[in-house]
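Start at 1 and go down the list; that is how both ligands and their atoms are numbered. Values below: every heavy atom of this structure, side chains too, minus hydrogens, waters and symmetry copies.
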Amino acid sequence: MKGIEDAQLESRNVLLRTDLNLPVEDGEPQKTVRFERYVETIKELSDRGARTLVMAHQGRPARKDFTSLETHADFISEELDQEVEFVQSFFGPRLGDAVASMQDGDITVLENIRFLSEELQNASPERHAHDHFVENMSRYFDVYVDDAFSAAHRSHGSLVGFTPLMEAYAGPVMQNELESCDRVREEFNSGVLVLGGEKPSDIIGMMKHMIDDVEKVLLGGIPGELALKIQGLGSDKKNEWIERNSFDASQGEFEELMEAYSDKIMTPIDLATEKGDYRPEEVPDEMTWDIGRKTAEKYADIIRDADAVVMKGPMGAFEEHPSGSKKIVEALTESDGFTVLGGGHTSSLVQRFGHSLEDFSHVSIAGGAFVRYMSGEDLAAVEALSD
Ligand code: 3PG
């Protein structure tokens with residue numbers, strides 16, 4: 001896979017696929033680490049004299065975060081203190097004119113690519129290369145740069161369709177993420193996995209793939225509570241909620257792993273409710289929101305002593321109940337080992353808890369792609385770039 005270091009970009013029309021998919025609160029996209037990383041890539045292309053069209057998606061159809069990228073264009077303009085155009089058309093003279101009017105160093109942002117239904121088909125690069133929009137857009141560009149590591153598990157048109165048609169490169173975010181994740185996949189053989197978040201089904205692949213190489217798996221969030229539920233522990237109210245929301249869909253596989261690796265998998269020794277912390281066998285009929293203080297202290301001690309730690313997913317509902325996640329993230333910053341944070345929500349904890357990216361060996365901005373790559377799966381867009 002070629003990076004852009006040696007690419008000839010000056011005065012060339014560059015189609016840059018980023019992942020500017022941001023959390024949207026009250027209708028407003030929120031700037032995150034992800035946004036900051038892509039601003040750096042966009043700036044590099046602009047500084048090197050490329051005429052860049054930034055392509056990205058935002059949200060999924062029918063969800064609240066399925067919005068236009070116009071605000072994102074304004075954000076980029078503010079950040080770089082440079083005029084940034086926004087183009088709504090994927091076809092026709094409006095797109096052609098927008099590209100033709102760009103001078104060296106100019107930046108234009110294209111509307112949310114998921115507004116096109118063709119984009120969302122899961123198909124091979126060869127099939128996507130014949131998509132109407134891919135064929136049409138490829139006529140305007142000399143170079144395609146894919147920097148969207150966090151969307152690389154999707155075999156969508158903008159991620160795989162352009163590679164058979166033009167000179168294609170991996171962007172710096174893509175390269176950096178792959179290098180760091182490869183380092184974890186190759187060298188992570190005596191560390192600790194900290195797994196939380198909302199979706200136990202997401203982390204099962206990671207557990208299966210990595211558990212033989214790790215010393216301990218520390219469970220928090222819904223996976224931690226599902227593990228307790230399997231043992232007949234935890235809050236009835238929360239366990240019913242887990243069932244109602246189908247977070248127990250992977251319960252069978254989880255149970256098998258827990259039996260086979262009972263010496264490695266650790267579950268919370270207390271859980272936090274609005275009324276206080278309780279041991280898993282004593283939780284009253286209350287919702288539980290976080291790991292308890294004793295669990296956080298125990299996990300933090302293990303993390304501080306570990307040679308390597310990979311954390312994916314917060315320890316609880318961190319917006320209103322941050323203390324468990326805060327303590328664990330803090331322990332990672334205090335460790336001298338190799339520390340990796342992965343996932344959209346997890347990487348946002350860096351800023352939320354007042355840390356900086358330098359406090360960790362690597363912070364992955366990816367969620368689904370990170371989990372799949374760590375589970376040993378190939379990523380469609382990475383394969384397309386390598387081919
Ligand atoms: C992400 O935020 O994980 C990526 O942008 C992929 O988004 P998706 O899960 O909607 O495809």
Q | Aromatic contact, F370 with F149 (centres under 6.0 Å) | A | no
Q) Do the two ring centres, one from F86 and one from H72, sit under 6.0 Å apart? A) no
Under a 3.5 Å threshold, yes or no: a donor from one side chain and an acceptor from the other, between [X] and [Y]?
X	Y	result
S356	E358	yes
S158	R17	yes
S364	E177	yes

Atoms of ligand 1 less than 4.0 Å from [X] heavy atoms?
X	result
R154	8 (P), 9 (O), 11 (O)
N21	1 (C), 2 (O), 4 (C), 5 (O), 7 (O)
H57	4 (C), 5 (O), 6 (C), 7 (O)

(Q) Test of understanding: given a 4.0 Å heavy-atom threshold, classify the contact between R114 and ligand 1 as side chain, backbone, both, or neither. (A) side chain
Q.
Tell me the contacting part of H156 for ligand 1: side chain, backbone, both, or neither, using a 4.0 Å heavy-atom threshold, strictly below.
A. neither
**Q.** Within 45° cone and under 6.0 Å: R352 NZ/CZ vs F318 ring
**A.** no
**Q.** Within-cut-off N or O pair, R60 and ligand 1, under 3.5 Å
**A.** yes
(Q) Considering non-hydrogen atoms of the protein only, which is the closest contact for atom 2 (O) of ligand 1, and what is the distance? (A) R34 NH1, 2.9 Å
Q: Can you pull out the closest protein heavy atom to atom 5 (O) of ligand 1? Residue, atom name and distance to 0.1 Å, please.
A: D19 OD2, 2.7 Å
